[in-house]
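This report refers to the structure that appears directly beneath it.
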Amino acid sequence: MDTVLAKEKKILYAPEISEIIEAKFLTATEKFFKIKLPGGRDLKHIPGQFVQVSLFGVGEAPISVCSSPTQKGFFELTIRKVGMLTEKIHELEAGDKIGIRGPYGRGFDVNAFKGKDILIIGGGIGIVPLRSLINYIIDNRNDYGRLIILYGAKSPSELLYRDELKMWEEREDIEYHVTVDRSDENWKGNVGVITTLIPPLELDLENTIAAIVGPPVMYKFVLLALKSKRFPEKNIYMSLERRMKCGVGKCGHCQINNLYVCQDGPVFNYLEVKGLEEAI
Amino acid sequence: MDKKKLSLVQFKRVRLNEKQLRNFTGFLKTKGRVYAPHRKGEKSFSFQEVDDPSKVVFNYPRTILPLKKFFQPPIETLLEFTINDNSYELPDIDNKNKIFFGVHSYDMQGVLRLDYVFSRGEPEYNYLKRRENSTFIGISFEPDEYHFSGSVGIDVENTEGFSIFIDIVDEDNYVVFACDNTGEELLKEYGIKDFESGEYKLKEREFKAKLKYHYGRLPQIFEKCYNYDVWKKVSERCLGCGNCNLVCPTCYCFDVEDDVDLKIEMGSRTRRWDSCMLNEFAMVAGGENFRKELYQRTRHRLHRKFKYITDHYGYPFCVGCGRCSQYCPADINMVEVVNDLIKEHEEREKVYV
Ligand SMILES: Cc1cc2nc3c(=O)[nH]c(=O)nc-3n(C[C@H](O)[C@H](O)[C@H](O)COP(=O)(O)OP(=O)(O)OC[C@H]3O[C@@H](n4cnc5c(N)ncnc54)[C@H](O)[C@@H]3O)c2cc1C
Ligand code: SF4
Ligand code: SF4
Ligand code: FES
């Protein structure tokens, strides 16, 4: 057994105090932040990775990086207000400070995806980590095949990144499909759950990678829909969310059976979590 | 490497009576802070700093809490911050010389397992720094109805991790072994000049509590037992109180919380021991909980002891101290639970073969 006693002083739990350079509401419950690390240093993350965001006196939470690493000098987060900490973060504006640790976890293996068609399936706030992957592919468009984006939200007012959605819709090299569970008077698009977008797709099954992120219930139904298309399980990747306290494989909170979401994930290949009762 | 029998015979040794051993404990105080078992209640014991060597208890069944409290304190400050200007300081971590006197072999093994988890992956400075400059002096014990460390490969006389090991022959007769250079130097400085060596006959010590299988066969059970009935049967009695986690030498999960002063100007980020047996432990956004049933949490706890970490560590993470059994308000006994799993395994395999 090799026990490394404290050699270098690397404090796992010490955040870097960073500056918010832009803050804006995307919806009533989601706020977008552009953040600069001290000295404008790059975060050097991989799409799908997360950071631990902290506010002294309130706490810390894992938040996915929603910008692509191809953008330098800053990174972006989108935060939904659900409780104490996220409520306080929503009060912050440009010029305010925030603590950042990370990036942590395993992201999407963008190198292994090269040359493949990419099918993105995002439900609700699941589009947040996927935006990092989408923008990465857009910035390296020639390295990848088709880019198909399926996005589902509860209602039109909950759609995030609306300027970008328009761009995705207009670009010739992106196949973008969106649906809402409940429409409103202005909505002209699809109505229905996200799984209704899957059957019409024509896919090169062996050469397509599916990247899925959404609320726990969505996975079950999306997986079923992919299964009935005979989509190869080995080509499915998903990002899972668990309670996290440390982000570095110590506190035990994020454990799914033998896996630590903060280290072995949050992005998993479907085959890694398939038989695990605690996973989906 | 077999942890089972690091034969004591190879070490130099010296025989001390009770008075001499207490003197030696006093002498250790010149070398650093000394912690040793003290009587707490009528039948309970606790590791405390030695003030008066006459208060140290040599022969005891187990302390309430294992040594982890010294390296990962129940509440530990990670940062001290000032809210207005977003500044913070890291607290000093005390790594002064510490000597732990009178440690049982399974508790030493508990510390070695924590060393493993805090040094693998991203090594954790806080734990490792606090753990530096620690010397361990082991002592033998008479297994009671709860100890089963023998079944997980840890003999009473296992000396791994110890600088000195003391075999209790009787109340006034202690055989003190120098297990490494540090130990030998300590004994020499104390004034021991002549060591004996050669044959040494150990007492026969039988464990009353035993797992039905040798630990080497447990992976075979934990490979298959995920959906056994035992989990649900056990959890019918379990209160979900989390005591078993708190007293366990190899449980280290924690929660992190910010505390602020009354003026909401300054505060600290602290971590505290947490328990995977508590309902909130694995709850996520929207109240979704992937281990909401007690049986799932019991199963998770035991898998952490015998399967998940064991798969890469090579030995059970349970060191057989018996604390979770002794301090469980519902009398759930670790040995019984594992033996019931073995029994169910045998029954099922017979049916399906
Ligand atoms: C890898 C990962 C990436 C994430 N990315 C994003 C993101 O990009 N944007 C975003 O808005 N949210 C994201 N989350 C969820 C976010 O971490 C939680 O919403 C946040 O921790 C809630 O903190 P709070 O103090 O505001 O709420 P609390 O007051 O702590 O709790 C409100 C609710 O959230 C639950 N909860 C508490 N902590 C967590 C947690 N760490 N994870 C999940 N649920 C929790 C509670 O059980 C409760 O139901 C991510 C979570 C993970 C694990
Ligand atoms: S100590 Fe006993 S009752 Fe309490 S959670 Fe553990 S097994 Fe259940
Ligand atoms: S699981 Fe129980 S017997 Fe095993 S080490 Fe922990 S407290 Fe001791
Ligand atoms: S978040 Fe602490 S172990 Fe994963």
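All chains are named by letter (A, B, ...) in the order of the sequence lines, taking the proteins before the strands, and each is independently numbered beginning at 1. The figures here come from the full heavy-atom set of this structure, side chains too, leaving out hydrogens, waters and symmetry mates.
Neither the backbone nor the side chain of A:L259 comes within less than 4.5 Å of any heavy atom in chain B. Interface remark: B:N86 contributes backbone and side-chain atoms alike to the contact with chain A (heavy atom separation under 4.5 Å). B:H303 does not touch chain A: none of its heavy atoms, backbone or side chain, sits under 4.5 Å away. Looking at B:E280, the atoms closer than 4.5 Å to chain A (heavy atoms on both sides) all sit in the backbone: N, CA, C or O. Contact of A:P15 with chain B is made through backbone and side chain together, with heavy-atom distances under 4.5 Å. Using a 4.5 Å cut-off between heavy atoms, A:Q255 contacts chain B through both its backbone and its side chain. Proximity to chain A involves both the backbone and the side chain of B:V256, based on heavy atoms less than 4.5 angstrom apart. Interface residue B:S87: only backbone heavy atoms are found under 4.5 Å from chain A. B:D85 does not touch chain A: none of its heavy atoms, backbone or side chain, sits under 4.5 Å away.
B:D259 and B:R272 are joined by a salt bridge, as a carboxylate oxygen and a charged side-chain nitrogen come within less than 4.0 angstrom of each other. Salt bridge status for B:E223 with B:K307: present, with a side-chain N to carboxylate O gap under 4.0 Å. Using a 4.0 Å cut-off between a side-chain N of Lys or Arg and a carboxylate O of Asp or Glu, B:D107 and B:R323 qualify as a salt bridge.
Ring geometry for B:H300 against B:Y308 counts as tilted: the plane angle lies between 30° and 60°, on a 0 to 90° scale. Between B:F136 and B:F100, the ring planes are parallel. Angles under 30° get that label, and only those over 60° would be called perpendicular.
Side chains of A:Y237 and A:D109: a donor-acceptor N/O pair is absent below 3.5 angstrom, by distance only.
Counting heavy-atom pairs closer than 4.5 Å to chain B, the top-ranked of the candidates A:K250, A:K97, A:Q263 is A:K250. Ranked by non-hydrogen atom pairs under 4.5 Å with chain A, the options B:D255, B:V260, B:I309 are led by B:D255.
Remark: aromatic rings of B:Y127 and B:Y252 are distant, center separation not under 6.0 Å.
A cation-pi contact, defined as under 6.0 Å to the ring centre and within 45° of the axis, is absent between B:R130 and B:F71.
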